[in-house]
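Here is the structure we will look at, set down as structure tokens.
Naming: A, B, ... by sequence-line order, numbering from 1 per chain.
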Number of protein chains: 2
Amino acid sequence: MTTTDHKSLRGRPKTIRAEKVLEVAIEAYWQNDLADVSVNSICRAAQASKPSVYREFGNEDGLTRAALESYAEQLLSDVSKILQSGQGMNETLDALIDFIITDARLEIGCLFHKMRAGKNRLGPKTRQLVEELNRAAQGNYQTFFQDRRSTGDWYGTVSTDVAAKYLGEQIALALAQRASGENATTIREILSLALSVFR
Amino acid sequence: MTTTDHKSLRGRPKTIRAEKVLEVAIEAYWQNDLADVSVNSICRAAQASKPSVYREFGNEDGLTRAALESYAEQLLSDVSKILQSGQGMNETLDALIDFIITDARLEIGCLFHKMRAGKNRLGPKTRQLVEELNRAAQGNYQTFFQDRRSTGDWYGTVSTDVAAKYLGEQIALALAQRASGENATTIREILSLALSVFR
DNA sequence: ATATAAAAATACTGACTGGTATAAAAATGA
DNA sequence: TCATTTTTATACCAGTCAGTATTTTTATAT
């Protein structure tokens, strides 16, 4: 809820559009190397003054955290929906692969996975959110495998915990490959090969 | 051959130990995030003056390239040896997994894979070396699969090219997990699961 | 009108970056 | 002894960073 309408009765009215700053920030973090994105550059691109941005988000850590939060809300729940569709193992894996390879919003990779990969460079608040989102994703994966095992359409010998980690890492790999511009059919073959261990 | 003995007959004798600078640089790049390692800090840690380091290596790009080169010479050929041992698929995969999980030099991951992951932040010379080493590794993996296929102990449907890329990425993943301090048996389970598609 | 409150705009701080100019030091050759 | 050569050490450069102090603007309340 980082909006612009504080509705203070006195004082100069706020003109900064926090929404727009976040849009710009997401785009910048997403497209460029995280270390190359400065608060300065975001302020310039969003046409917002630096003190305004700092008043809105506290510090750089707050801005990156808000950007990731906004991004995750927009996108991250879609994977959960696929996993929780209640379909069988094969259909679910097919849908998952299709989503990860073809979804236009993942054309340049996934900001969450990108931040997860560069976790040690993040501020504490952003890092905490990354870990939170990661736990949530892992939990989703794990209940998926538990469901498939109890339904009887998965007889894998590995623990659901390891399976969940494996799935998460393979997804991360595919997204990193998309981000690096790798050939789409190659990515699909690799991801399909990796997930074939569950079929 | 970046040695210290230029054997110039005149002038103040060289005291900088290029070897030591490289040691320090490798350790620094290896332990810390690449973006956090500055030429300044390396000079300080190696007790070498900045102009001396710049005379020896040209610029930051030259230093990182030399560090990666030195590192690769020390370590990277071991993987090739395992792949070229001429053993069967299962034995080779077992040996490979064992090496990647247990080799002490890979306890904090692999500098090559780390630099490959952060490729876009590297200077042109270092980037070129990374791509060279990557091509070499891919080539090794691919001939390994070609051999196993011609020997008749691999009947996989994917191309040797995709198999090679897959193997390379799974190794990279395992090394990244080691670098991030993940539990060793978990890493082994995940890598074993990933490579089980070849058995 | 005028005091007050809040935000905006500008310009700044101190630290750190990669890279270098300059001068002192330490060797050899004549 | 003294000029020459090479490396070292110190100190600097311009640029960028995250973050902020200060002043100006724009509103409302009295």
- prompt: Under 4.0 Å between a side-chain N or O of B/Ser49 and OP1 or OP2 of D/dT8?
  reply: no
message: Check the phosphate of D/dT7 against B/Ser52, side-chain N and O only, distance under 4.0 Å to OP1 or OP2. Yes or no?
response: no
- prompt: To the side chain of B/Lys50, which of C/dA26, C/dG18, C/dA8 is closest?
  reply: C/dG18
query: Considering only side-chain heavy atoms of A/Asn59, which listed nucleotide, C/dA5, C/dT17, D/dG19, is closest?
result: D/dG19
task: Using only side-chain N and O atoms of B/Ser38, determine if any of them is under 4.0 Å from OP1 or OP2 of C/dT17.
output: yes
query: For the side chain of B/Arg10, counting heavy atoms from C-beta on, which of D/dA18, D/dT8, D/dT4 is nearest?
result: D/dT4
message: Can you confirm whether more than 12 heavy atoms, excluding those of B/Glu107, are under 6.0 Å from its CD atom?
response: no
message: Between A/Val39 and A/Pro51, which residue's closest nucleotide on DNA chain D lies nearer the 5′ terminus?
response: A/Val39
- line: For A/Glu169 and B/Leu173, the nearest pair of non-hydrogen atoms, with its separation, is OE1-CD1, 3.4 Å
field: Separation of D/dT16 P from A/Glu60 CD (nearest whole Å)
entry: 16 Å
query: Does NZ or CZ of A/Arg148 fall inside the cone over A/Trp154's six-membered ring, less than 6.0 Å from its centre and within 45° of the axis?
result: no
Separation of atom CZ in B/Arg55 from atom C1' in D/dA9, rounded to whole Å: 11 Å
message: For the CD atom on A/Gln146, are there more than 12 heavy atoms of other groups (residues, nucleotides or ligands in this structure) within a distance under 6.0 Å?
response: yes
task: Return the nearest nucleotide to the side chain of A/Arg12; candidates are D/dA29, D/dT20, C/dA9.
output: C/dA9
